[in-house]
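Notes for the one structure printed next.
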Number of protein chains: 2
Amino acid sequence: MPSTELHEIKADFTQGLSQISQFWGLPKSMGAIFAVLYLSPNALSLDEIVAETTFTKGAISTSVRTLARMGLVHRQTKLGDRKDYYLAEDDFYKVVRSILKGRESSEFSRAIDSVGQTLVDLQASPNQVRGADEQRGADEQRGAEWDFAENRVAEMKSFFDNLDNLVRVITALETMNQNTVQKVIGLLKK
Amino acid sequence: MPSTELHEIKADFTQGLSQISQFWGLPKSMGAIFAVLYLSPNALSLDEIVAETTFTKGAISTSVRTLARMGLVHRQTKLGDRKDYYLAEDDFYKVVRSILKGRESSEFSRAIDSVGQTLVDLQASPNQVRGADEQRGADEQRGAEWDFAENRVAEMKSFFDNLDNLVRVITALETMNQNTVQKVIGLLKK
DNA sequence: CTGTGTGTTTAGTAGCAACTAAACAAAGTA
DNA sequence: TACTTTGTTTAGTTGCTACTAAACACACAG
C-alpha cells in the first residue's frame, strides 16, 4: 500500500482545504477542487476532477468556473481536444490581489456605498429639520441625537475609505510577494 | 414628519450594516444590533435593542453576546440595576485587532494546522516509500508525483506562515489607527 | 442524420443555521 | 412564599444554498 498512502495524504489535504473553504463561506467543493488541482503536476480535465473528488459533474462545472473567475485556477484548452483542462494558480499573492479586485463588483461594496449614502442623507437638511419644531425640549434632544448619528457615521465612512485606499494600493502593485509582506512587518515592528 | 425621517435614515443604515454582516457570513441580526448601538448616544438594554429591531429577545441575547466576544460591543452594568446595557465599540481598528486575535481559537487555524500536518506526512518516509517498488516506470512516476506534492504543500505552508506573522505583528501593536494604515500605504506606493 | 463525447443548466433534495416562540433560570421584591 | 423582572436555553420552523441526478445543448465523427 505505498501508493495508497499518497492518496490518503492527498485526501487529508483535500479535506483540510475544504474546511478552510467553507470557513470563508465558500462551497466545500471549491476547496476540494483547488486541492486536487494544486497537487496535480499536470492540468486536469473536468471528468478527471470528478473522478478525484466526491462531487458530481454539475457541481464541479459550476464551482470550477467561479474558481476561475476568482483567479484561483486557470482554464486551458489543448488544440484538437474538445476537453477543458484546469490548472491551479500557485502564486497566492496573485490570488489575493485578484480577489481584492473582484470585491468592487460585489454585494459588499454596494453595502459600503449605502453607508456613504446614509452620511449624505444626514448631512442634507442641516437646520431645516433640526430647527423646525419650536418645542425646545424635544427639539434639543432630537438635534443632539441627529448630530451624534452624523458624527458616528462620518467616522465609520472615514474608516471604510481608509481601508479602501489600502486595497486600492495593493491591487495597483506591480508585484507582491513574501518580501512585500516582510517589509510591512518591518515597518509595523518599528 | 421631521423625527420620522431620522428613524428612516437609521433604518436604512441598519439595513446596510445587516447586509454587510451577512456578506461576511455573520447573522444579519448582528449587523442590525451593532447599527442601533452605534447610533445610540447612550448604552441600551437588551429590551431596548429588541424594541428598535425586528428580532426577538432570544436572538438578540445570543447575537449580542457573540458581538461582545468579538469586541464589537461592550457590556455595562449599572449598580442597583439588574439590566445589562450594551455600548458599541467605536474604534474600528481595535475591533480589527480583536477579531484577528480571536482567529487563533477558531476552526480556521485547526484547518491551517492540517496543512502543516500534511507537509510533515509528506516529509516523513522520505525514501522508504519512493524506493520500495522496484518496477522503475511506476516507481519514477510515483516518486515524481510525491516530490511535486511535497513542494507544493511546502509553498502553501510558507505563504500561510507569512500571513500568520503579519497577523501576529498586528495584534501585538500597542496602537493602531488611520496613521498606521497611511504609513503602510506610503511604504507600498514607494 | 444518428451517435458520442463534452460541458451547462435545471428541478428537486437535503442539510444547515438563523430565527421565533415559549419554557426555563435566577435574583430581587412584596 | 409567591410574583416580577431580567436574561438564557431549547424545541421547532423557515429559508437559503450546495449538491445530486438528469435533461439539455453543442460540437465533432461516422
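In what follows, every chain begins at residue 1, and chains take the letters A, B, ... in the order their sequences are listed.
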Treating Ile, Leu, Val, Met, Phe, Trp and Tyr as nodes and any side-chain heavy-atom pair under 4.5 angstrom as an edge, say whether B:Phe148 and A:Ile9 lie in one connected cluster. no
Need one value for B:Thr53: base, sugar-phosphate or nothing, where a base atom within 4.0 Å counts as base even if backbone is also close, heavy atoms only. nothing
With a non-hydrogen cut-off below 4.0 angstrom, is A:Thr66 in contact with a base, only sugar-phosphate, or nothing? nothing
By nearest heavy atom, map B:Pro27 and A:Leu46 onto DNA chain C; which one lands nearer the 5' end? A:Leu46
Measuring from the side chain of B:Ser29 (C-beta onward, heavy atoms only), which nucleotide among D:dT8, C:dC19, D:dC19 has the closest atom? C:dC19
If hydrophobic clusters are built by linking Ile, Leu, Val, Met, Phe, Trp and Tyr wherever their side-chain heavy atoms come under 4.5 Å apart, do B:Tyr85 and B:Phe55 end up in the same one? no
Heavy atoms under 4.0 Å, any strand shown: does B:Lys28 hit a base, just sugar-phosphate, or nothing? sugar-phosphate
Take atom CZ of B:Arg82 and atom C1' of D:dC3, then tell me their distance rounded to the nearest Å. 11 Å
What's the CG-P distance between B:Asp81 and D:dG7, to the nearest Å? 9 Å
Winner on side-chain proximity to B:Thr56, out of C:dT20, C:dC19, D:dT8, is C:dT20
Can you label the angle between the A:Phe108 ring and the B:Trp24 ring as parallel, tilted or perpendicular, going by 30° and 60°? perpendicular
Spell out yes or no: do the side chain of A:Lys83 and the base of C:dG5 have one donor N/O and one acceptor N/O closer than 3.5 Å? no
Distance check needed: D:dA18 C1' versus A:Arg65 CZ, whole Å only. 15 Å
Between A:Tyr85 (OH) and C:dG5 (C1'), how many Å, whole number? 12 Å
Taking atom P of C:dG7 as reference, at what distance in whole Å does atom CG of A:Asp47 sit? 6 Å
Please report the distance, rounded to the nearest Å, between CZ in A:Phe55 and P in D:dA22. 19 Å
I need the CD1-P distance between B:Ile60 and C:dC19, as an integer number of Å. 9 Å
How many Å lie between NZ on B:Lys57 and C1' on C:dA18, as a whole number? 19 Å
Does NZ or CZ of A:Arg152 lie under 6.0 Å from the centre of the six-membered ring of B:Tyr38, at an angle within 45° of the ring axis? yes
Linking I/L/V/M/F/W/Y whenever any side-chain heavy atoms sit under 4.5 Å apart, do A:Leu87 and B:Val153 land together? no
